Novice: 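Pasting in a structure now, in structure tokens, and then I'll have a few things to ask.
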Amino acid sequence: MKVVVYSHDADVRAQVRLAIGRRPAMDVPEAEIIEVATQPALFRLLDAGGADVMVLDGEAQPYGGMGVCRQAKDEIYNCPPALLIVGRADDGWLATWSRADAVVSHPIDPIALAQELAGLMRERPAVSS
């Protein structure tokens, strides 16, 4: 299953990659992680139908994951579910505005991220390669 990870910060992408591992739970398919650092690269990938699930860094620069999530939900037909990483647990309400499907907060808790991502992966069949 193709999991796109969006953040300008290579360290955040690495933390997400480590949290996901080969697969975030035993009952979901293996994750093929695709890292993107820019909003244009993310939208090229989404336009091509190259993602099953998104993990978006809400603190990404210059385009934060919250705005990117809302834009994707508005513009991408059959948009993949999105896991949003917010700056603080108290920012979870902003995920409602962004239309994120799941939320975790910084600092990244690998167990919480894997659980939330696995839930999204169970809900969406993989796109054909």
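Note that the structure is a prediction, hence the values are computed from the model and not measured.
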Novice: Which heavy-atom pair separates V28 from P24 by the least distance, and what is that distance?
Specialist: CG2-CD, 3.8 Å
Novice: Within the distance-only criterion (no hydrogens, no angle test), does the side chain of D52 pair as donor or acceptor with the backbone N or O of M1 below 3.5 angstrom?
Specialist: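 No.
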Novice: Tell me if a side-chain donor or acceptor on E59 pairs with a main-chain N or O of G87 at a distance below 3.5 Å.
Specialist: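 Yes: the side chain of E59 pairs with the backbone of G87.
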Novice: S105 vs R88, test: side chain to side chain contact (heavy atoms under 4.5 Å, CB included). Steps then yes/no.
Specialist: CA-CA 5 Å; S105 62; R88 308 172 300 148; 5.8 Å; no
Novice: For residues A60 and Y6, report the shortest heavy-atom separation together with the two atoms involved.
Specialist: CB-CE2, 3.7 Å
Novice: From I20 CD1 over to L113 CG, what is the distance, rounded to the nearest 0.5 angstrom?
Specialist: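 Between atom CD1 of I20 and atom CG of L113 there are 6.0 Å.
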Novice: Would you say CD1 of I111 has more than 12 non-hydrogen atoms from neighbouring residues, nucleotides or ligands within 6.0 angstrom?
Specialist: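 For I111, atom CD1 is not crowded (no more than 12 foreign heavy atoms under 6.0 Å).
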Novice: Could you give the distance from CG (L18) to CZ (R13), rounded to the nearest 0.5 Å?
Specialist: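 Spacing of CG (L18) from CZ (R13) equals 13.0 Å.
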Novice: Have H8 and D57 got a donor and an acceptor in their side chains that come within less than 3.5 Å?
Specialist: no
Novice: To the nearest 0.5 Å, what is the distance between CE (M66) and OG1 (T96)?
Specialist: 10.5 Å
Novice: Which heavy atom in P80 sits nearest to a heavy atom in A51, and how many Å separate them?
Specialist: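 Minimum heavy-atom contact is CG-O, 3.6 Å.
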Novice: Identify the two heavy atoms, one from A19 and one from A114, that lie closest to each other, and give their separation to 0.1 Å.
Specialist: O-CB, 3.8 Å
Novice: Give me the atom names and distance for the closest heavy-atom approach of M121 to P29.
Specialist: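 Taking every non-hydrogen atom into account, CE-O, 3.5 Å.
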Novice: Answer with yes or no whether the hydrophobic clustering places L94 together with V86; edges join I, L, V, M, F, W, Y residues whose side-chain heavy atoms lie under 4.5 Å apart.
Specialist: yes
Novice: Quick check: is L45 connected to V3 through a chain of hydrophobic side chains (ILVMFWY, heavy atoms under 4.5 Å apart)?
Specialist: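 V3 and L45: separate clusters.
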Novice: Counting distance only, does the side-chain N/O of R99 pair as donor-acceptor with the main-chain N or O of K73 below 3.5 Å?
Specialist: no
Novice: Linking I/L/V/M/F/W/Y whenever their side-chain heavy atoms sit closer than 4.5 Å, directly or via other members, would V103 and V55 fall into one cluster?
Specialist: no
Novice: By the definition side chain to side chain contact (heavy atoms under 4.5 Å, CB included), identify the one residue from L117, V5, L56, V104 that meets it with V16.
Specialist: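 With V16 as partner, L117, V5, L56, V104 yield a single side chain to side chain contact (heavy atoms under 4.5 Å, CB included), made by V5.
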Novice: Can you hop from I33 to M54 via hydrophobic side chains spaced under 4.5 Å?
Specialist: no
Novice: Step by step, work out the side chain to side chain contact (heavy atoms under 4.5 Å, CB included) result for L120 and E123.
Specialist: CA-CA 5 Å; L120 296 179; E123 295 173 11; 4.3 Å; yes
Novice: State plainly whether one hydrophobic cluster holds both V68 and I85, where clusters connect Ile, Leu, Val, Met, Phe, Trp and Tyr through side-chain heavy atoms under 4.5 angstrom apart.
Specialist: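 No; tracing contacts between hydrophobic side chains, which count when under 4.5 Å, never links both residues.
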Novice: More than 12 heavy atoms of other residues, nucleotides or ligands under 6.0 Å from CZ of F43: is that the case?
Specialist: yes
Novice: If you look at every heavy atom in S98 and C69, which pair is closest and at what distance?
Specialist: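 In this case the closest contact between S98 and C69 is O-SG, 3.3 Å.
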Novice: I'd like to know if the side chain of R22 reaches the main chain of E30, judged simply by a donor and an acceptor atom lying under 3.5 Å from each other, with no hydrogens or angles considered.
Specialist: no
Novice: Yes or no on side chain to side chain contact (heavy atoms under 4.5 Å, CB included) for V4 and L42, after CA distance, side-chain angles and deciding distance?
Specialist: CA-CA 8 Å; V4 63; L42 175 65; 3.8 Å; yes
